Structures are given as C-alpha cells and as structure tokens.
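Keep in mind that what you see is a predicted model, and the values were worked out from it rather than measured.
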Amino acid sequence: MIKNDYYFITGILLLTAILVYPLTKEAFFSFTDQYVLVGGFIKFFIFASIGDIISHRIRQKNYHVIGLLPKAIIWGFIGIVIVYVFRIFTEGVYYLQSENLLPFFGIPFFFAFFTSLFMNLIFAPTMMLFHRITDYYIEHKNSDINHSFYSTILQVDYQKFVTFVVFKTIPLFWIPAHTITFLLPENYRVFFASILGVMLGLILGFAKQQKKEVN
C-alpha cells in the first residue's frame, strides 16, 4: 500500500458510515428521492467516479486521475439520463408483459430480467460509447490543448469496445447486475446502479493490470 491508500480508504469508510448511519442515510435518500434528477447526478458523480479512481489505482499505482472533475461531471450527466432511462424501460416492460407481448407477467424476477435485458441491449452500448469517447477526449485534451473531438472519434479503439465492452461486459456483468437492480425498491435502483460503477472499476482495473503483466 502507498500513503494515499490510507486517505482513500478513510474517505470510503466515512462515506460508508454516512450511508449506514440511520440519520444521515435517511437525510441522503430523502433528499435524492425528493429531487430525483439532482439525486441521480450526485450518486453517479460520487460513486461512479470512485470506480474510476479505483481502476486507475490498480493500473497506474497512483491516484492521479487525469481530468477527474470533468469525468465526474460526465458521470453526473449520465446519472440524470439513467433516471429517465430506468423509468422508460420499467414502464415499457410492464406494459409489454401486461399486454402479453412478454411472458411471466407479475413475476418480479422476470420483470427485472426483461428490463435489464432490453435496457442493456438498446441503451447501454450508446451510453458506454459516449462515456468512452468523452473519457478519451478529456484525457488527451489535458495533455494536448489542440486535441479535437474529431480526432478522439477517430482514435477510439472500436474493435476493443465491441469485442470486450459490448460482447463481454454486457452479457456477463451488466445484464445480471441490473437484474438485481430492478429487483430492488425503486428509490434504491439509481443508487445501486451508481455502486455498480465502483464494482466495474475494480473488474476493469484488475483485467487491465493482468493484461499489462502478461505483456
């Protein structure tokens, strides 16, 4: 462990305490339930960014994430979109099941599975590509002020994006994980989705580190 690990772990423990202690937990969820879009922004701004930090720590052995603040803002924007997307797909799947266009109406597991399946097949690739492009742009803009958005679009590794992100993380991680998400009470779904960003950061960090060691 490096010195900054202790600060980071302390911060995580404090954040966990806030979310576990009844008084602060109630205040947090009451606020984010009342201001749903702001709540979506805050949840992803904080927790998905923690995933980025963890992934960077594993791969680079430090906490110097390039463009952390703008990346966090992008995550916050994605959190707002997620609020809308969750409502669209939950209502859509409910309608399809109630109209016998999808089977197993009234069974929570299948409602959660179908919602996760359609959301991840229809929406997730677009969101992930948007995140990949903005991430790449922020990192290179910080090191080269002349770096353009157009050059980012040309330089993104689309083959790796499709073969790994789309064909592996969606079926093996996101569809099962979001099936759990949609089994939860509605007011916890966006929060749990933001926590999944931390878990994915760990997975990607270890995967990239192992690949680096093999090479």
Side-chain angles (χ1 to χ4, degrees), residues 12 15-16 18-20 25-26 28-55 71-72 74-98 101-132 135 164-207:
I12 294 296
L15 184 59
T16 302
I18 290 172
L19 296 173
V20 170
K25 174 187 175 182
E26 179 65 26
F28 177 78
F29 283 105
S30 294
F31 177 82
T32 55
D33 289 346
Q34 183 176 358
Y35 303 98
V36 180
L37 297 180
V38 175
F41 182 94
I42 291 172
K43 291 167 186 175
F44 272 77
F45 181 93
I46 296 173
F47 296 104
S49 297
I50 290 174
D52 281 344
I53 295 170
I54 293 173
S55 177
K71 286 182 178 182
I74 292 295
W75 272 123
F77 171 75
I78 290 174
I80 293 174
V81 174
I82 289 292
V83 171
Y84 287 107
V85 167
F86 275 20
R87 183 59 60 88
I88 290 169
F89 282 96
T90 53
E91 295 292 337
V93 167
Y94 180 86
Y95 173 80
L96 291 173
Q97 287 187 307
S98 66
L101 296 172
L102 285 174
F104 307 116
F105 178 61
I107 302 177
F109 172 80
F110 287 103
F111 167 78
F113 172 73
F114 285 131
T115 305
S116 177
L117 178 68
F118 283 109
M119 185 185 74
N120 280 291
L121 293 180
I122 296 170
F123 166 72
T126 303
M127 184 274 285
M128 291 176 180
L129 182 58
F130 169 78
H131 181 260
R132 175 65 60 87
D135 228 32
F164 180 72
V165 176
V166 176
F167 287 166
K168 291 184 179 179
T169 67
I170 287 180
L172 298 178
F173 179 79
W174 288 115
I175 291 176
H178 280 307
T179 298
I180 298 172
T181 300
F182 292 111
L183 286 169
L184 296 174
E186 186 175 346
N187 60 323
Y188 286 101
R189 290 172 184 170
V190 174
F191 172 72
F192 185 72
S194 65
I195 294 295
L196 290 176
V198 179
M199 297 171 62
L200 186 63
L202 281 168
I203 293 170
L204 294 178
F206 281 118

Subject >> Flag if over 12 foreign heavy atoms under 6.0 Å of OH, Y94 >> reply: no
Are side-chain heavy atoms of [X] and [Y] found at a separation under 4.5 Å?
{"X": "W174", "Y": "V166", "value": "no"}
{"X": "V93", "Y": "M119", "value": "no"}
{"X": "M127", "Y": "I78", "value": "yes"}
{"X": "H131", "Y": "F77", "value": "no"}
{"X": "I170", "Y": "I175", "value": "yes"}
{"X": "L102", "Y": "F118", "value": "yes"}
{"X": "F86", "Y": "T115", "value": "no"}
{"X": "I50", "Y": "L15", "value": "yes"}

Aromatic contact, [X] with [Y] (centres under 6.0 Å):
{"X": "F105", "Y": "F111", "result": "no"}
{"X": "Y188", "Y": "F192", "result": "no"}
{"X": "F29", "Y": "F191", "result": "yes"}

**OP:** Without swapping roles, check the side chain of S55 against the backbone of D52 for a donor-acceptor pair under 3.5 Å.
**Re:** no
Working to the nearest 0.5 Å, report the span between [atom1] of [X] and [atom2] of [Y].
{"X": "I74", "Y": "F45", "atom1": "CD1", "atom2": "CZ", "value": "11.5 Å"}
{"X": "M128", "Y": "D135", "atom1": "CE", "atom2": "CG", "value": "13.0 Å"}
{"X": "F109", "Y": "T179", "atom1": "CZ", "atom2": "OG1", "value": "6.0 Å"}
{"X": "T32", "Y": "I42", "atom1": "OG1", "atom2": "CD1", "value": "7.5 Å"}
{"X": "L121", "Y": "S116", "atom1": "CG", "atom2": "OG", "value": "8.5 Å"}
{"X": "I195", "Y": "T181", "atom1": "CD1", "atom2": "OG1", "value": "11.0 Å"}

**OP:** Can you label the angle between the F110 ring and the F114 ring as parallel, tilted or perpendicular, going by 30° and 60°?
**Re:**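 If you compare the ring of F110 with that of F114, the planes turn out tilted.
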Original post:
Should the ring pair Y35 and F31 be called parallel, tilted or perpendicular, given that the plane angle runs from 0 to 90° and is split at 30 and 60?
Top reply: tilted
For [X] versus [Y], what's the shortest heavy-atom pair and its separation?
{"X": "L37", "Y": "V83", "result": "CD2-CG1, 3.8 Å"}
{"X": "P171", "Y": "P176", "result": "O-CD, 3.4 Å"}
{"X": "A48", "Y": "W75", "result": "CB-CD2, 3.3 Å"}
{"X": "D33", "Y": "V36", "result": "O-CG2, 3.3 Å"}
{"X": "H178", "Y": "L196", "result": "CE1-CD1, 3.6 Å"}

Original post:
Is there a side chain to side chain contact (heavy atoms under 4.5 Å, CB included) between I88 and F123 once you walk through the steps?
Top reply: CA-CA 11 Å; I88 290 169; F123 166 72; over 6 Å; no
**OP:** Write out all pairs satisfying side chain to side chain donor-acceptor pair (under 3.5 Å) with one or both partners inside residues 83-92, taking only residues at least two apart or from two chains.
**Re:**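 Qualifying pairs, neighbours excluded: R87-E186.
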**OP:** Please identify each residue that fulfils ring pair (Phe, Tyr, Trp, His ring centres under 6.0 Å) with F89, with sequence neighbours left out.
**Re:** none
